[in-house]
Amino acid sequence: MKVAILQMSSSDDPEANLANVRAMLRAAKDQGAAFALTPEVTNVLSFSRKRQEAVVTPETDDIVLQGMRQEAQDLGLWVLAGSLALRSEPPETRFANRSVLINPQGEIEARYDKIHMFDVQVSAEETYRESAGFAPGDQAVIARTDIGDIGLTICYDVRFGYLHRELAKAGAQIITAPAAFSPGTGPAHWQPLLQARAIETGCYVLAPAQTGQHKASIGKSRSTYGHSLVISPWGEVLLDAGTEPGVYCVDIDLAQVDEARRKVPSLTHDRTFEAPK
């Protein structure tokens with residue numbers, strides 16, 4: 001199966017982001033992809049709460065999701081909206097950071113709300129408090145599809161191996177990891193973490209990423225690390241997209257999942273133990 005990784009540089013303008021993702025999905029189809037994936041916060045990437053309040057909508061009204069569903073149907077393509085910033089159901093006032101899997105009929109196959117919030121201080125100049133604006137999810141999700149069993153994660157989830165292990169033990173063959181990764185941590189942690197998750201689970205890891213400097217109509221702009229990756233179940237880097245936006249395709253073979261797990265069946269080797277005191 002050919003998968004297409006859409007490496008984007010989303011702005012805080014959903015209409016412009018939609019036009020971009022439409023063109024990229026068509027390019028992915030032209031290159032023979034059966035499954036195309038976009039990064040975290042595909043619809044709007046902004047540090048400004050004022051701007052977010054102005055453009056973030058409930059799922060049913062999000063123009064980027066609507067457009068991606070239409071493209072998936074028109075192209076006969078599986079599509080992962082890596083994540084979208086969406087309004088939550090009241091009384092929750094924070095947004096949801098939601099990954100949405102769309103089937104080739106344009107229907108929503110699965111939804112996953114990011115569980116782990118990126119609340120960190122990388123340096124004096126680089127601080128994030130995702131939980132101030134986004135509510136964490138509490139449900140791990142696998143979509144069982146005709147292109148494979150797909151476990152959904154988002155960005156900071158990559159640091160929590162237990163989530164990926166549970167997805168794999170529940171049958172995931174592919175784990176998606178859309179991201180808008182920090183340029184402060186990206187060079188040190190992005191690739192090794194994704195390789196570790198692939199090796200530990202025997203899954204393909206598909207990680208489409210935001211890249212570059214992101215245009216902002218209000219407030220300061222943000223930069224992201226790029227380097228979208230596809231990692232094999234044996235930990236091999238099959239694709240590194242570098243830092244340029246674009247559509248990057250690679251073939252994957254789910255038979256490699258069974259082969260990796262046959263060689264190292266660590267998912268069957270769990271043991272109980274007493275925690276340290």
Side-chain angles (χ1 to χ4, degrees), residues 8-14 17-18 21 37-66 68 80-102 108 110-122 126-141 151-160 162-164 167 175-186 189-190 193 207-211 214-225:
M8 301 178 64
S9 188
S10 293
S11 70
D12 64 0
D13 181 351
N17 295 333
L18 175 57
V21 77
L37 304 88
T38 73
E40 186 178 20
V41 287
T42 291
N43 61 340
V44 55
L45 197 158
S46 175
F47 271 139
S48 168
R49 186 67 177 184
K50 181 178 179 181
R51 180 59 178 170
Q52 291 172 341
E53 290 286 356
V55 299
V56 173
T57 70
E59 180 183 296
T60 53
D61 299 327
D62 185 78
I63 63 168
V64 175
L65 179 57
Q66 292 172 356
M68 293 180 74
L80 181 79
S83 91
L84 305 167
L86 300 169
R87 289 193 181 272
S88 302
E89 291 291 328
E92 179 58 68
T93 59
R94 292 173 295 176
F95 303 135
N97 189 346
R98 181 170 299 157
S99 192
V100 181
L101 181 65
I102 307 163
I108 294 175
R111 299 170 174 85
Y112 165 71
D113 287 358
K114 185 177 182 181
I115 292 174
H116 300 97
M117 296 287 98
F118 192 50
D119 292 350
V120 305
Q121 183 170 345
V122 178
E126 193 177 358
T127 299
Y128 303 88
R129 292 290 178 267
E130 187 176 13
S131 65
F134 290 85
D138 59 8
Q139 180 66 55
V141 174
L152 306 182
T153 76
I154 300 172
C155 201
Y156 190 51
D157 286 332
V158 74
R159 294 181 181 272
F160 301 87
Y162 54 79
L163 171 60
H164 299 73
L167 290 171
I175 292 176
T176 58
F181 220 74
S182 157
T185 57
H189 298 161
W190 172 241
L193 282 168
Q210 296 280 359
T211 191
H214 302 272
K215 294 179 182 178
S217 59
I218 299 176
K220 66 177 181 177
S221 64
R222 180 177 169 182
S223 60
T224 52
Y225 178 62

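Treat the numbers as computed from the prediction; the structure is a model and nothing was measured.
Electrostatic pairing of E53 and R87 counts as a salt bridge here, judged by a charged N lying under 4.0 Å from a carboxylate O. Between R111 and E59, at least one side-chain N (NZ, or NE/NH1/NH2) sits under 4.0 Å from a carboxylate O, which counts as a salt bridge.
Between the Q121 side chain and the T127 main chain, no donor and acceptor come within less than 3.5 Å of each other. Looking at T38, its side chain does come within 3.5 Å of a backbone N or O of G82 through a donor-acceptor pair. Side-chain N or O atoms of R98 include none that pairs as donor or acceptor with a backbone N or O of K114 at under 3.5 Å. For T153 (side chain) and T176 (main-chain N/O), a donor-acceptor pair under 3.5 Å exists by modelled atom type. Under a 3.5 Å cut-off, the side chain of R222 and the backbone N or O of A180 do form a donor-acceptor pair. Within the 3.5 Å criterion, the main-chain N or O of S11 finds a donor-acceptor partner in the side chain of N17. Of the possible polar contacts, none joining the R51 side chain to the S217 backbone as a donor-acceptor pair under 3.5 Å is found.
Pairing each heavy atom of M68 with each of L80, the nearest pair is CE-O, 4.2 Å. Shown here for V64 and P14, the closest heavy-atom pair between the two residues is CG2-O, 3.5 Å. The two atoms that bring H164 and V158 nearest to each other are CE1-CA, 3.7 Å, heavy atoms only. Residue S221 comes nearest to A216 through the heavy atom pair CA-CB, 4.0 Å, listed as atom of the first residue, atom of the second, then distance. Residues V44 and A85 approach most closely at CG1-CB, 3.9 Å, considering heavy atoms. Considering all non-hydrogen atoms of both residues, E40 and S83 come closest at CG-OG, 3.1 Å.
F134 does not carry R129 over the face of its six-membered ring by the limits of under 6.0 Å from the centre and within 45° of the normal.
When each of S10, S9, S223 is paired with Q210, the side-chain hydrogen bond (donor to acceptor under 3.5 Å, both in side chains) condition holds for S10 and for no other.
Aromatic ring orientation, F118 versus Y128: tilted (interplanar angle from 30° to 60°).
With 3.5 Å as the limit, one finds a donor-acceptor pair spanning the side chains of N97 and E130. Residues N43 and D62 have side chains that bring a donor and an acceptor to within less than 3.5 angstrom of each other. For H214 and T224, the side-chain atoms include at least one donor-acceptor pair closer than 3.5 Å.
The structure places CG of D61 at 7.0 Å from CD of Q66, a figure rounded to the nearest 0.5 Å. Rounding to the nearest 0.5 angstrom, the gap separating the OG atom in S46 from the CG atom in D13 is 11.0 Å. Within the model, atoms CD1 of I218 and CZ of R49 stand 13.5 Å from one another, a figure rounded to the nearest 0.5 Å. Here the NE2-CZ distance, from H116 to F160, works out to 4.5 Å after rounding to the nearest 0.5 Å. The structure places CD1 of I115 at 9.0 Å from CD1 of I154, a figure rounded to the nearest 0.5 Å. Rounding to the nearest 0.5 Å gives a distance of 13.5 Å between CZ of F95 and CG of D113.
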Practice task
Could you go through the side chain to side chain contact (heavy atoms under 4.5 Å, CB included) check for Y162 and L167 one step at a time?
Solution key: CA-CA 9 Å; Y162 54 79; L167 290 171; over 6 Å; no

Exercise for the section: Quick one: do M8 and T211 satisfy side chain to side chain contact (heavy atoms under 4.5 Å, CB included)? Show the steps, please. Expected result: CA-CA 6 Å; M8 301 178 64; T211 191; over 6 Å; no

Practice task
Please test F181 against Y225 for ring-ring contact (aromatic ring centres under 6.0 Å, His included), starting from the C-alpha separation and ending with a verdict.
Solution key: CA-CA 6 Å; F181 220 74; Y225 178 62; 7.1 Å; no

Handout entry: Test side chain to side chain contact (heavy atoms under 4.5 Å, CB included) applied to I102 and V100, step by step
Key = CA-CA 6 Å; I102 307 163; V100 181; 4.2 Å; yes

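Crowding of E92 atom CD: a count of heavy atoms from other residues, nucleotides or ligands under 6.0 Å exceeding 12.
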